[in-house]
Engineer: 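Just passing along the structure, written as structure tokens.
Quick caveat, the model's predicted, so the values are computed rather than measured.
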Amino acid sequence: MPQLPGTDLTVSDLCLGGNVFGWTADEPTSFALLDRFLDAVPSTQSPFVDTAEMYGDGVSETIFGSWMAERGVRDRMVVATKASPGDKEHPLSAPEIRAAAERSLRNLQVDTIDLYYAHYDDETTPLEETLTAFDELVQAGKVRYAAASNYSAKRLTEALDTATQLGVTGYVALQPHYNLMEREGYEAELAGVVADRGLGSMPYFGLARGFLTGKYRAGETIDSPRAKGAAQYVGEKGDRVLSALAEVAEAHTVTGAAVALRWLADQPSVTAPIASGRSVEQLADLLPMLDLVLTDEERQRLTDASA
């Protein structure tokens with residue numbers, strides 16, 4: 001079972017992305033997605049859900065919060081959200097972080113956010129101010145742990161060093177862009193920082209904007225808001241990766257999407273990849289990754305295909 005390093009949070013192997021709540025999934029569908037996810041996660045793990053202040057301008061958080069309140073399951077969940085830039089001039093300034101956290105707490109109908117991310121780096125605000133603001137939220141019991149999303153290796157290292165120098169709460173995790181089609185940006189530098197500093201890693205776009213589901217191929221038109229993003233991966237490498245996924249998936253009688261997420265979860269520095277579905281059927285294709293066991297040879301086949 002994945003333990004988020006440096007914390008007491010035991011999370012599910014898959015983190016459910018809440019970006020679809022109120023966007024491509026209306027509230028009833030979002031409730032159904034959350035119900036299905038809760039049901040699928042083993043009782044020894046805490047279902048891990050990721051959202052953000054900027055998803056639907058708070059709609060995603062509000063839907064997730066209403067679901068937790070209606071089902072009475074807050075204590076079972078690990079809740080992650082983010083202080084987002086929006087149209088803020090200095091999004092990670094102390095006043096903005098405080099205001100964002102209070103808004104998210106209201107939207108989510110919770111007293112404490114388990115994992116609270118800086119959604120994007122903000123070089124207009126001193127790291128000292130940002131980290132002190134996160135620390136104040138932790139000391140007040142409004143946030144359990146702070147984390148970073150979309151930070152470069154250099155800035156992440158600076159933030160970790162600054163927190164140590166100040167004696168305040170440091171980031172315990174990173175949310176990077178990482179998947180079978182996008183490896184270099186994470187593996188070149190960020191993975192080393194994550195491993196060396198004992199951080200957790202929750203990659204987003206775990207399915208390469210849906211490309212790794214296998215439904216986006218040359219000459220095919222798919223009705224999806226992710227189609228344009230997925231189309232960038234169509235080509236020789238994409239074909240190679242999809243072929244390897246199909247081969248491994250067939251051996252386990254699961255989907256290629258489940259295999260892609262399992263490969264990601266099995267990477268040494270990764271705690272839990274983030275993925276979402278806009279329907280219960282789409283989510284069902286991903287859930288077998290929770291108990292899928294790949295052989296070393298299968299993992300290597302995928303690693304080689306995506307090189």
Side-chain angles (χ1 to χ4, degrees), residues 1-18 45-53 75 77-84 91-92 94 97-98 100-101 104-105 108 110-122 125 127-178 186 189-204 206 264-265 267-274:
M1 62 185 75
Q3 185 88 13
L4 184 58
T7 78
D8 60 357
L9 300 175
T10 302
V11 299
S12 48
D13 282 302
L14 176 67
C15 179
L16 181 63
Q45 301 177 9
S46 297
F48 189 13
V49 177
D50 176 88
T51 183
E53 175 192 10
D75 291 346
M77 312 299 295
V78 172
V79 177
T81 192
K82 311 175 193 76
S84 301
L92 295 184
I97 288 174
R98 282 194 292 268
S104 291
L105 288 165
L108 291 162
V110 299
D111 297 322
T112 307
I113 296 163
D114 296 313
L115 190 65
Y116 194 42
Y117 290 95
H119 200 162
Y120 288 90
D121 190 12
D122 170 17
T125 301
L127 284 168
E128 292 83 356
E129 179 178 348
T130 296
L131 292 161
T132 298
F134 276 115
D135 184 69
E136 288 172 356
L137 291 171
V138 172
Q139 300 308 319
K142 295 179 179 181
V143 166
R144 294 181 72 185
Y145 302 101
S149 176
N150 297 297
Y151 271 53
S152 67
K154 180 176 181 291
R155 285 286 285 179
L156 180 60
T157 301
E158 288 177 3
L160 295 169
D161 289 343
T162 299
T164 300
Q165 292 161 9
L166 293 174
V168 299
T169 298
Y171 296 142
V172 301
L174 173 71
Q175 189 171 133
H177 185 185
Y178 182 39
Y186 177 73
E189 291 186 317
L190 281 166
V193 177
V194 168
D196 292 346
R197 306 302 283 265
L199 306 183
S201 177
M202 275 67 72
Y204 65 87
L264 198 51
Q267 298 311 297
S269 61
V270 171
T271 306
I274 302 168

Engineer: Val78 and Asp114: which non-hydrogen atoms are nearest, and at how many Å?
Structural biologist: CA-OD2, 3.3 Å
Engineer: With distance as the sole test, does Lys82 use its side chain to make a donor-acceptor pair with the main-chain N or O of Tyr116 at under 3.5 Å?
Structural biologist: no
Engineer: How far apart are the closest heavy atoms of Thr10 and Gln3, and which atoms are they?
Structural biologist: OG1-OE1, 2.8 Å
Engineer: Give, for atom CG of Asp13 and atom CG of Leu264, the distance between the pair rounded to the nearest 0.5 Å.
Structural biologist: 11.5 Å
Engineer: Could you tell me if the side chain of Asp50 sits less than 4.5 Å from the side chain of Tyr117, heavy atoms only?
Structural biologist: yes
Engineer: Using 0.5 Å steps for rounding, measure from the CD1 atom of Ile274 to the OH atom of Tyr204.
Structural biologist: 9.5 Å
Engineer: What I want to check is whether the side chains of Ser201 and Tyr178 have a donor and an acceptor closer together than 3.5 Å.
Structural biologist: no
Engineer: With a 4.5 Å heavy-atom cut-off, do Pro5 and Thr271 have their side chains touching?
Structural biologist: yes
Engineer: Could you check whether any side-chain heavy atom of Leu92 comes within less than 4.5 Å of a side-chain heavy atom of Tyr120, counting everything from C-beta outward?
Structural biologist: no
Engineer: With rounding to the nearest 0.5 angstrom, report the OG1 to CD1 distance, Thr125 to Ile97.
Structural biologist: 7.5 Å
Engineer: Hey, mind stepping through Asp161 and Arg197 against salt bridge (charged side-chain N to carboxylate O under 4.0 Å, His left out) and telling me if it holds?
Structural biologist: CA-CA 10 Å; Asp161 289 343; Arg197 306 302 283 265; 2.7 Å; yes
Engineer: Quick one, Val11 and Met202 - any side-chain contact, counting heavy atoms below 4.5 Å?
Structural biologist: no
Engineer: Please give me the minimum heavy-atom distance between Phe48 and Ser12, naming the atom from each residue.
Structural biologist: N-OG, 3.1 Å
Engineer: Give a yes or no on whether the backbone of Ala191 and the side-chain of Ser269 come within a donor-acceptor separation of less than 3.5 Å.
Structural biologist: no
Engineer: Of the non-hydrogen atoms in Ala272 and Pro203, which two are nearest, and what is the gap between them?
Structural biologist: O-CD, 3.6 Å
Engineer: So which heavy atom on Ala94 is nearest to which on Glu129, and how close?
Structural biologist: N-OE2, 2.9 Å
Engineer: Mind checking what makes salt bridge (charged side-chain N to carboxylate O under 4.0 Å, His left out) contact with Glu189, not counting sequence neighbours?
Structural biologist: none
Engineer: Within a strict 4.5 Å, meaning less than it, do heavy atoms of the Leu160 and Val193 side chains meet?
Structural biologist: yes
Engineer: Nearest heavy-atom pair of Ala148 and Leu156: which atoms, and what distance?
Structural biologist: CB-CD1, 4.2 Å
Engineer: Among Thr112, Thr7, Asp8, which residue meets the side-chain hydrogen bond (donor to acceptor under 3.5 Å, both in side chains) test with Arg144?
Structural biologist: Asp8
Engineer: What distance do Leu105 atom CG and Asp111 atom CG have between them, rounded to the nearest 0.5 Å?
Structural biologist: 8.0 Å
Engineer: Out of curiosity, Lys142 NZ to Phe134 CZ, how far, rounded to the nearest 0.5 Å?
Structural biologist: 14.0 Å
Engineer: At what distance, to the nearest 0.5 angstrom, does CG of Leu4 lie from CG of Leu9?
Structural biologist: 5.5 Å
Engineer: Under a 4.5 Å cut-off applied to non-hydrogen side-chain atoms, are Glu136 and Arg98 in contact?
Structural biologist: yes
Engineer: Counting distance only, does the side-chain N/O of Asp135 pair as donor-acceptor with the main-chain N or O of Val168 below 3.5 Å?
Structural biologist: no
